[in-house]
Amino acid sequence: MLTKAPRGTGDILPGEVEKWQYLEEQFKKLCRDYNYKEIRTPIFEHTELFVRSVGEDTDIVGKEMYTFLDKGDRSITLRPEGTAPTVRAYLQHKLYGQAQPVKLFYYGPMFRYDRPQAGRFRQFHQWGVEVFGSREPLLDAEVISLAVAFFNSVGIEGLILELNSVGCSKCRPSYREEIRKYIAGYRDSLCLDCSRRLETNPMRILDCKEKNCKEITNNIPEMTGHLCEECREHFKEVVESLEAIKVSYRINPRLVRGLDYYTRTAFEIIDPQLGAQNSLGGGGRYDDLVEVCGGNTTPAVGFAIGLERALLALKSKSIEDLYQEKPGVFVAALGNKAGMEGLKMVTELRHEGIKAEKDYLHRSLKAQMKQADRINARYVIIMGEEELEKGKVLLRDMKEGHQREVTKKEITAHLKEKMGR
RNA sequence: GUGAGUGUAGCUCAGGAGGUUAGAGCACCAGAUUGUGGCUCUGGGGGCCGUGGGUUCGAGUCCCAUCACUCACCCCA
């Protein structure tokens with residue numbers, strides 16, 4: 001236990017972390033181009049925030065939250081998602097007073113108490129964007145296109161964008177009733193979860209993977225046919241906008257997201273090559289959430305992408321494809337006196353922006369050469385007693401395999417020129 | 001929370017239906033003309049056999065429990 005990370009968590013080690021850095025850079029760059037500003041919120045919040053916003057009947061709130069009492073008897077929850085905290089911050093700092101719409105992005109760890117499996121962890125990382133203050137369908141298209149652009153920019157291919165409209169507080173209740181009525185006759189044939197859903201959230205039955213439930217719901221009228229005038233128009237324009245900017249999509253009338261706050265647009269990006277957890281990201285519109293959290297009516301739309309899953313989809317790509325190790329210089333010093341000179345040398349080189357390393361284990365020259373080779377050193381500076389007495393060092397080109405004497409004074413300038421800096 | 005599978009060296013794995021000091025490859029360290037990398041050769045260090053019980057003269061091997069990992073269900077990123 002002492003030497004084991006808790007279940008569902010893990011360390012990101014050198015060799016793997018470079019991939020993370022690569023994805024993080026790409027995402028930040030993209031957000032800058034789309035004019036989104038970063039926001040950083042705490043990784044824990046008052047439990048109430050998630051219960052109210054994500055929804056009492058959702059799996060996240062019902063069974064997946066890391067909740068505890070702090071020493072002041074406050075109920076605290078490690079954030080299971082990023083939208084609610086962003087909404088909270090938006091209201092707390094009165095960001096509605098800024099130029100509209102407010103376009104934000106975030107990145108960080110999220111926590112859900114779930115049984116781990118491929119692509120699912122208890123601590124995982126998401127990044128997402130949230131836009132407040134516009135109900136324009138064109139904005140939905142922008143948000144979706146940003147998610148799609150990210151996957152394109154890092155070379156993840158073969159994804160499917162699924163799209164649906166889940167209606168609004170005006171048209172959804174009647175659709176819910178419709179489902180209830182339709183299914184009432186089949187009540188006994190439903191799976192256990194679904195008979196519960198019939199009461200709590202009938203729309204989720206559409207999403208059930210049980211064979212029986214699927215058959216029952218097969219002929220249920222679709223949500224898209226029950227949208228109110230405004231929602232239907234909105235959905236139509238989202239679709240048209242996506243076509244206008246050439247984002248391909250697939251309408252899935254059964255797409256129902258697991259968080260209660262979604263209205264109208266709901267979408268998910270799926271990698272069919274992945275296992276059971278194949279959703280790389282998803283999001284949608286949540287026009288009522290800000291109000292639920294105590295603010296004025298403020299339409300909003302956003303998405304979240306799972307980093308671990310993006311990495312899974314990227315698996316085929318090797319680190320070398322994404323990340324080039326900076327070539328450097330290895331200083332091989334022989335003997336104690338030379339060792340000190342070696343330290344001075346690497347310090348000087350580093351100050352010049354050249355990657356430099358030396359030996360700290362009093363190893364033989366042979367071993368030091370091996371080390372130099374391993375860290376991909378382009379040059380090795382060999383300093384022995386003899387050379388130092390003459391004020392000179394040996395400069396070895398590891399790639400060409402030859403070496404020559406250079407005076408110690410001019411070595412830095414020399415390398416600076418050679419290493420292109 | 002439910003189900004199935006798997007836990008032997010840093011990594012990937014061997015260990016015939018229980019029997020001596022638990023092996024290999026890779027990695028690591030050292031040496032092969034005591035100042036020169038990659039290739040090769042030689043040697044070396046490393047293992048509470050996940051943990052705890054039990055059966056047995058004897059358990060890495062059989063039984064039970066437990067923990068962890070993996071995959072799936074549920075749900076989602």
Side-chain angles (χ1 to χ4, degrees), chain A residues 1-10 13 15 54 57-65 79-83 107-128 147 191-194 196-197 201 204 207-211 213 255-259 266 268-271 274-283 303-313 330 332-335 338 359 361 363-388 393-403:
Chain A
M1 278 306 180
L2 190 62
T3 52
K4 242 174 203 165
R7 181 159 211 206
T9 71
L13 302 175
V54 175
D57 296 324
T58 61
D59 279 19
I60 291 179
V61 171
K63 56 183 197 189
E64 293 172 3
M65 293 206 301
R79 63 180 181 195
E81 57 103 47
T83 299
Y107 169 55
M110 306 292 163
F111 306 85
R112 290 184 203 172
Y113 189 88
D114 234 353
R115 193 94 169 249
Q117 76 184 73
R120 197 174 71 188
F121 307 90
R122 289 184 173 177
Q123 174 174 317
F124 60 100
H125 298 75
Q126 279 189 338
W127 52 48
C191 71
L192 231 66
D193 285 316
C194 282
R196 181 175 46 79
R197 285 182 187 130
N201 193 350
R204 298 293 295 286
D207 216 20
C208 186
K209 277 94 190 170
E210 288 286 330
K211 209 173 161 191
C213 303
L255 177 64
V256 180
R257 311 225 66 234
L259 290 73
E268 203 160 318
I269 295 174
I270 290 164
D271 184 347
L274 252 40
Q277 310 302 321
N278 62 2
S279 169
L280 296 190
F303 71 74
I305 291 173
L307 260 285
E308 282 81 359
R309 290 189 188 171
L311 250 0
L312 232 46
F330 191 91
L334 300 162
D359 167 71
L361 295 171
R363 284 199 271 214
S364 66
L365 178 59
K366 184 190 174 84
Q368 293 194 48
M369 293 298 287
K370 204 171 169 180
Q371 175 75 354
D373 194 50
R374 216 161 8 203
I375 68 161
N376 191 27
R378 180 64 216 276
Y379 298 99
V380 174
I381 297 170
I382 301 167
M383 343 175 71
E385 308 282 321
E386 295 166 36
E387 287 87 2
L388 283 176
V393 296
L394 284 173
L395 178 64
R396 180 174 178 82
D397 185 326
M398 295 294 272
K399 200 166 156 195
E400 302 298 327
H402 56 63
Q403 63 194 39

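Computed over heavy atoms, backbone and side chain alike; hydrogens, waters and symmetry mates excluded. Chain letters run A, B, ... following the sequence lines, proteins first and then strands; every chain starts at 1.
Comparing B:A77, B:G37, B:C73 by their closest approach to the side chain of A:Phe124 singles out B:A77. Comparing B:C69, B:A72, B:U36 by their nearest atom to the side chain of A:Gln117 picks out B:A72. Checking B:A77, B:C73, B:G37 against the side-chain heavy atoms of A:Gln277 singles out B:C73 as nearest. Listed nucleotides B:U36, B:C74, B:G35 differ in distance to A:Glu387; the shortest reach to its side chain belongs to B:G35. Nearest to the side chain of A:Arg115, among B:A77, B:G35, B:U2, sits B:U2.
When the P atom is used for both B:G43 and B:A24, the distance is 11 Å, rounded to whole Å. Rounded to a whole angstrom, the distance from the C1' atom of B:C41 to that of B:U55 is 49 Å. A gap of 14 Å separates the C1' atoms of B:G50 and B:A9, to the nearest Å. Taking atom P on both nucleotides, B:G44 is separated from B:G1 by 49 Å, rounded to a whole Å. Look at the P atom in both B:C64 and B:C28: the space between them is 42 Å, to the nearest Å. Taking the P atoms as reference points, B:A59 lies 11 Å from B:U21, given to the whole Å. Look at the C1' atom in both B:G58 and B:A72: the space between them is 40 Å, to the nearest Å. With P as the reference atom, B:C62 and B:U70 are 24 Å apart, rounded to whole Å.
Atom-to-atom, CD of A:Glu386 to P of B:G35 comes out at 10 Å; the value is rounded to the nearest Å. Here the C1' atom of nucleotide B:U2 and the CD atom of A:Glu64 are 15 Å apart, to the nearest Å. Atom pair A:Arg122:CZ and B:C74:P shows a separation of 18 Å (rounding to whole Å applied). Rounding to whole angstrom units, CG of residue A:Leu365 and C1' of B:U36 are separated by 5 Å. The distance between atom CZ of A:Arg396 and atom C1' of B:G37, rounded to the nearest whole Å, is 7 Å. Look at CZ on A:Arg112: it is 17 Å from C1' on B:G1, rounded to the nearest Å. What separates CG of A:Leu312 from C1' of B:A77 is a distance of 11 Å, to the nearest Å. Computed from coordinates, the A:Lys4 NZ to B:A68 C1' distance equals 5 Å when rounded to whole Å.
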Anything under 3.5 Å between a donor and an acceptor, one on a side chain of residues 121-128 of chain A, the other on a protein residue two or more places apart or in another chain? List them.
from	atom 1	to	atom 2	distance (Å)
A:Arg122	NE	A:Asp114	O	2.8
A:Arg122	NH2	A:Asp114	O	3.3
A:His125	ND1	A:Glu308	OE2	2.8

Ignoring hydrogens and angles, write down the donor-acceptor pairs under 3.5 Å from the side chains of residues 275-282 of chain A, residues two or more places apart or on other chains.
from	atom 1	to	atom 2	distance (Å)
A:Gln277	OE1	A:Arg309	NH2	3.4
A:Ser279	OG	A:Glu268	OE2	3.3

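Between the A:Glu81 side chain and the A:Met110 main chain, no donor and acceptor come within less than 3.5 Å of each other.
Within 4.0 Å of A:Ala372, counting heavy atoms only, lies no atom of the nucleic acid at all. Contact annotation for A:Gly128: no contact, since no heavy-atom pair falls under 4.0 Å across all strands. A:Leu259 comes within 4.0 angstrom of the backbone, heavy atoms only, and of no base.
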side-chain contact (heavy atoms from CB on, under 4.5 Å) between A:Met369 and A:Arg396, intermediate numbers included: CA-CA 10 Å; A:Met369 293 298 287; A:Arg396 180 174 178 82; 3.5 Å; yes

Go through A:Arg378 and A:Asp397 one step at a time and tell me if the side-chain contact (heavy atoms from CB on, under 4.5 Å) criterion holds. CA-CA 6 Å; A:Arg378 180 64 216 276; A:Asp397 185 326; 3.0 Å; yes

A:Gln368 vs A:Val380, side-chain contact (heavy atoms from CB on, under 4.5 Å): CA-CA, chis, key distance, verdict: CA-CA 9 Å; A:Gln368 293 194 48; A:Val380 174; over 6 Å; no

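Checked by distance alone, A:Arg120 brings a side-chain donor or acceptor within 3.5 Å of a matching partner on the base of B:C74. A:Gln368 contributes no side-chain N or O that forms a donor-acceptor pair with the base of B:U36 under 3.5 Å.
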Annotated protein contacts, base or backbone, on nucleotides 27-34 of chain B with a non-hydrogen cut-off under 4.0 Å, one of B, S, - each: -SSS-B--

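In RNA chain B, consecutive stretches of 3 or more Watson-Crick or G-U wobble pairs with both distances under 3.5 Å are given as paired ranges: B:1-7 with B:67-73, B:10-13 with B:23-26, B:28-32 with B:40-44, B:50-54 with B:62-66.
Residues satisfying the side-chain hydrogen bond (donor to acceptor under 3.5 Å, both in side chains) test with A:Glu387, not counting sequence neighbours, are none. Residues satisfying the side-chain hydrogen bond (donor to acceptor under 3.5 Å, both in side chains) criterion with A:Asn376, sequence neighbours excluded, are absent altogether.
Nearest-nucleotide positions on RNA chain B place A:Tyr113 closer to the 5' end than the other of A:Leu280 and A:Tyr113.
Rounded to the nearest 0.5 Å, atoms CD1 (A:Ile381) and CZ (A:Phe330) are 11.0 Å apart.
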